Novice: 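Sharing a structure, written as structure tokens. Questions coming.
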Amino acid sequence: MNFWLMKSEPNEVSIDDALRLGAAPWFGVRNYQARNFMRDQMRVGDGVLFYHSSCAEPGVAGVAEVASTAYPDATQFDPDSHYFDPKSTLENPRWMLVDVKATRKTRLLSLAEMRENPSLSSMVVLQKGSRLSITPVTPAEWKTIMQLLA
DNA sequence: GCCAACGTTGGC
DNA sequence: GCCAACGTTGGC
């Protein structure tokens, strides 16, 4: 079992939206490293920190889990979608995703609080210049965060 | 809105 | 394959 942090803009899909949706495709990832994490490393049942980004209070807002293995992101084929990719074909899709199921909303563990905690200082998402929307979380980091959110 | 940092594109 | 130019992310 692996652990992940996945960023979502709350004005697109917030933790409340995700809880209402249930298991839903994590569409719109257009970065190869993030795609590869979903395609190659995610397994059903992996733990996910649901992170709110590009908003007034960035931070972990809830907990979720990976709910499917990877399959093509339908939005890449839709000319009307913001995520349309003209270079992608049905036979050879570029972008894959997994379903993610939010399991609970937590208090907001802010980015600032995460930065203040020495035991989280090695988190990939906190590294200088890190912009990846999906990053791995170690079991120790996961445990620390679960305790902070308990 | 600013801007640092990183990723992608495309000419050569 | 190099790398300049451009685009995007995302915190502040």
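Everything numeric here is computed off the predicted structure, so don't read it as measured data. Numbered from 1 within each chain, the chains take letters A, B, ... in sequence-line order.
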Novice: Tell me the interatomic distance from A:Gln33, atom CD, to C:dT8, atom C1', rounded to whole angstroms.
Specialist: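 So the CD-C1' distance, A:Gln33 to C:dT8, works out to 15 Å.
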Novice: Counting side-chain heavy atoms from C-beta on, which of B:dT8, C:dG11, B:dG10 comes nearest to A:Pro58?
Specialist: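 The closest nucleotide is C:dG11.
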Novice: Salt bridge or not between A:Arg30 and A:Asp73? Use side-chain N to carboxylate O under 4.0 Å.
Specialist: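 Salt bridge: yes.
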Novice: How many Å lie between CG on A:Leu132 and P on B:dT8, as a whole number?
Specialist: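 About 10 Å, once rounded to whole Å.
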Novice: Rounded to whole angstroms, how far apart are NZ on A:Lys128 and P on C:dC12?
Specialist: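 Those two atoms, NZ and P, are 13 Å apart.
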Novice: So if I take every side-chain heavy atom of A:Lys87 and compare against C:dC12, B:dT9, C:dG10, which nucleotide ends up nearest?
Specialist: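 Shortest atom-to-atom distance from the side chain points to B:dT9.
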Novice: Mind calculating the distance between OH (A:Tyr83) and P (C:dT8) to the nearest angstrom?
Specialist: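 Roughly 12 Å, once rounded to whole Å.
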Novice: Going hydrophobic residue to hydrophobic residue with side-chain gaps under 4.5 angstrom, can you get from A:Ile134 over to A:Val98?
Specialist: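 The answer is yes; both residues are in one hydrophobic cluster.
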Novice: Surrounding CZ of A:Phe27 (heavy atoms of other residues, nucleotides or ligands, distance under 6.0 Å), is the total greater than 12?
Specialist: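 Open: at most 12 neighbouring heavy atoms sit under 6.0 Å from CZ of A:Phe27.
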Novice: Using a 6.0 Å cut-off, check whether atom CD of A:Glu113 has over 12 heavy atoms from anything other than its own residue.
Specialist: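 Atom CD in A:Glu113 is packed in, count exceeds 12.
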Novice: Can you tell me if the side-chain N/O atoms of A:Tyr51 get under 4.0 Å from OP1 or OP2 in C:dG11?
Specialist: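 Yes, such a contact exists.
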Novice: Once you round it to whole Å, what is the distance between P of B:dT8 and OH of A:Tyr32?
Specialist: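 The distance from OH of A:Tyr32 to P of B:dT8 comes to 7 Å, rounded to the nearest Å.
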Novice: Take atom NZ of A:Lys7 and atom C1' of C:dT9, then tell me their distance rounded to the nearest Å.
Specialist: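 Distance, rounded to whole Å: 7 Å.
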Novice: Measure CG/A:Asp85 against P/C:dT8 and give the value in whole Å, please.
Specialist: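 Interatomic distance, CG of A:Asp85 to P of C:dT8: 13 Å.
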Novice: Do the side chains of A:Phe37 and A:Pro136 get nearer than 4.5 Å, heavy atoms only?
Specialist: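 A:Pro136 vs A:Phe37: side chains touch.
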Novice: Do A:Arg43 and A:Asp46 sit within salt-bridge range, that is, some charged N less than 4.0 Å from a carboxylate O?
Specialist: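 Judged by the 4.0 Å cut-off on N to carboxylate O distance, A:Arg43 and A:Asp46 do not form a salt bridge.
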Novice: Please produce a list of atom pairs where a protein N or O lies less than 3.5 Å from an N or O of nucleotides 4-7 of chain C.
Specialist:
none

Novice: How long is the line joining CD of A:Gln127 and P of C:dG11, in whole Å?
Specialist: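 Atom-to-atom, A:Gln127 to C:dG11, this comes out as 15 Å.
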